Protein chains: 2
Amino acid sequence: MDFSYTEENYLKTIFKIGLDNGTEEAGTNELAASLSVKPASVTEMLKKLKSKKLVHYEKYGKIKLTKPGRELAIDVIRKHRLWETFLYEKLEFSWDEVHEVAEELEHIRSKKLINKLDQFLRYPEYDPHGDPIPNEKGVFQKQSKKTLSKAEPGTSCKMVAVKDNSTSFLQYVVSLGLGINNKIKVIAREEFDGMMTIEINGENKSVSQKFSDNIIVI
Amino acid sequence: MDFSYTEENYLKTIFKIGLDNGTEEAGTNELAASLSVKPASVTEMLKKLKSKKLVHYEKYGKIKLTKPGRELAIDVIRKHRLWETFLYEKLEFSWDEVHEVAEELEHIRSKKLINKLDQFLRYPEYDPHGDPIPNEKGVFQKQSKKTLSKAEPGTSCKMVAVKDNSTSFLQYVVSLGLGINNKIKVIAREEFDGMMTIEINGENKSVSQKFSDNIIVI
DNA sequence: TATATTTGTTAGGTTAGCCTAACTATTATA
DNA sequence: TATAATAGTTAGGCTAACCTAACAAATATA
Ligand SMILES: [Mn+2]
Ligand SMILES: [Mn+2]
Ligand SMILES: [Mn+2]
Ligand SMILES: [Mn+2]
């Protein structure tokens, strides 16, 4: 069976929200916000996805992916991350440029293409933003859920991924001298608004909670 | 300005039919057949393309691309052929598998992507089917219009490209022991139905007019 | 527990791209 | 040059994916 780009985007987004929430479930409004559509459009699409047995859903209830729905979502994520890796590794894109193009490439329908691309890239495990790449079977490393904002002052941690993939955020990360696998030392954290002072390569920087919420660490 | 996949496919097809006809013009029915839609759909789309100044068109008249329309068509063709080359050269696709996937990839919208891909492939001039690849400026080699069917018995020619890109045709070409840049000697041609006896690598083969119409030679 | 807020649904409309059936214009042929 | 064949258009309908406005259910809060 073949699904539209729109259906694929809904499934991918449900999966991501589910991960984020820890519950594997998503709500109509959340989904609408994330897809930049109105809640009414989501309700409509949910009926279709349900009739195609891709989601579990009852009126006014939470949204959850079925097994085939989850498999499809993971496949789209696999394609997205492999394409980002290709753009970054082979075509000299910077990490803040890859996401937007991958958002289109992730929908190209060819099993052979994606598996050959995987091979060509030598089966990478992580994309340029530190996110794990599912293998052909849909298996991938569990990702840390700890964000920089939850790191204790006085401790050190390692940045392993970013949550936000937008150009503006990623460029800001770079401008702070930060990158994947960098060590971050938390100097101080303001209780009032979550502002943090962190040490990167011996230099002290001040970052907002909105920022530190988007840095995944271990 | 940004155009839909559908609009891009119409422009590309008008361009190709125009080339084929030698007149740079296309008719409604021709276009419909080539796009596998009904003539009524074409008429409707022509109104839209005209309002966007991509085609010259008057009711009951021939269809011709405007300058921006032609540029766009050539850009789509450039992308198509570069992606085919990528699949063939880098991902080990066979030449009969690349066309279908490229039909999707040709619509990915990123100037940077396609120019970096071009560079990555070292600026190839021909795709796996022998078709010339337009450069960034839209310039490309003029292609021979002579087909094997027009070659004189007793003469030899070189196969430089194929017209049909379908899997079934291309696999048949391979099964005959033929490929791009192969020498073909015309042994005989039947006036009645255009059947030809040709010599390939010392072996004689019999091919139909439908076949020889799809082999471009010099 | 009553009420306010948040969350989600329904009804009715739009646009892009497609269709069929009926029609009209153009071109070829007798 | 009349008529048949071909080419192209119009009218009216359909589906996917979106929207707004009005409404209903669920949840939080006084
Ligand atoms: Mn991304
Ligand atoms: Mn997408
Ligand atoms: Mn092709
Ligand atoms: Mn196409």
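Computed from a predicted structure; not experimentally measured. For the numbers below, each heavy atom of this structure counts, side chains included, while hydrogens, waters and symmetry mates do not.
- The list of side chain to side chain donor-acceptor pair (under 3.5 Å) pairs with a residue in residues 24-34 of chain A, not counting sequence neighbours, reads A/N21-A/E30.
- Listed by first then second residue, pairs satisfying side chain to side chain donor-acceptor pair (under 3.5 Å) with a partner in residues 63-80 of chain A read A/R78-A/N115, A/R78-A/D118, A/H80-A/E84, A/H80-A/H99, A/H80-A/E106, not counting sequence neighbours.
- For the pair B/M45 CE and D/dT9 P, the interatomic distance rounds to 14 Å; values are reported in whole Å.
- Nucleic acid contact for B/T43: base, since at least one base atom lies under 4.0 Å from a heavy atom of the residue.
- Look at CD on B/E44: it is 13 Å from P on C/dT15, rounded to the nearest Å.
- Taking A/A40 as the reference, nothing meets the side chain to side chain contact (heavy atoms under 4.5 Å, CB included) condition, with sequence neighbours excluded.
- Partners of A/E8 by side chain to side chain contact (heavy atoms under 4.5 Å, CB included), not counting sequence neighbours, listed by chain and number: A/F3, A/L72, A/V76, A/H107, A/R109.
- In this structure, B/K116 forms no cation-pi arrangement with A/F93, as its terminal cationic atom is not both closer than 6.0 Å to the ring centre and no more than 45° off the ring axis.
- Counting to the nearest Å, the C1' atom of C/dT15 and the CD atom of B/E7 are 12 Å from each other.
- A distance-only check finds no donor-acceptor pair linking the side chain of B/E104 to the backbone of B/V101 [under 3.5 Å].
- Contacts between residues 12-39 of chain A and DNA chain C, counted as heavy-atom distances below 4.0 Å, involve A/G27, A/T28, A/N29, A/P39.
- Residues that satisfy the side-chain hydrogen bond (donor to acceptor under 3.5 Å, both in side chains) test with B/S94, not counting sequence neighbours, are B/D96, B/E97.
- For the side chain to side chain contact (heavy atoms under 4.5 Å, CB included) test, residues two or more places apart in sequence or in another chain that qualify with B/K90 are A/F120, B/F86, B/F120, B/L121.
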Q: Would you give a per-nucleotide map of nucleotides 22-27 of chain C, 5' to 3', where B means the base has a protein non-hydrogen atom under 4.0 Å away, S means only the sugar-phosphate does, and - means neither?
A: --BS--
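- Here B/Y126 pairs with B/P132, B/Q141 under the side chain to side chain contact (heavy atoms under 4.5 Å, CB included) rule; sequence neighbours left out.
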Check residues 188-196 of chain A and write down every donor-acceptor pair under 3.5 Å in which the side-chain atom is one partner and the other belongs to a residue at least two apart or another chain.
from, atom 1, to, atom 2, distance (Å)
A/R189, NE, A/S149, O, 3.2
A/E190, OE2, A/F192, N, 3.4
A/D193, OD1, A/M195, N, 3.1

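- With sequence neighbours excluded, the residues satisfying ring pair (Phe, Tyr, Trp, His ring centres under 6.0 Å) with A/F211 are A/F169, A/Y172.
- Each of A/V42 and B/S41 was matched to the nucleotide of DNA chain C holding its nearest heavy atom; the match closer to the 5' end belongs to A/V42.
- Within 4.0 Å of B/T6, counting heavy atoms only, lie sugar-phosphate atoms of the nucleic acid but no base atom.
- Of the residues in residues 49-57 of chain A, not one places a heavy atom less than 4.0 Å from an atom of DNA chain D.
- Side-chain proximity of B/K47 to D/dT10, D/dT20, D/dC18: nearest is D/dT10.
- Between B/K62 atom NZ and D/dT9 atom P there is a gap of 10 Å when expressed in whole angstrom units.
- Residue contacts shown for A/Y10 are limited to sugar-phosphate atoms, with no base heavy atom under 4.0 Å away.
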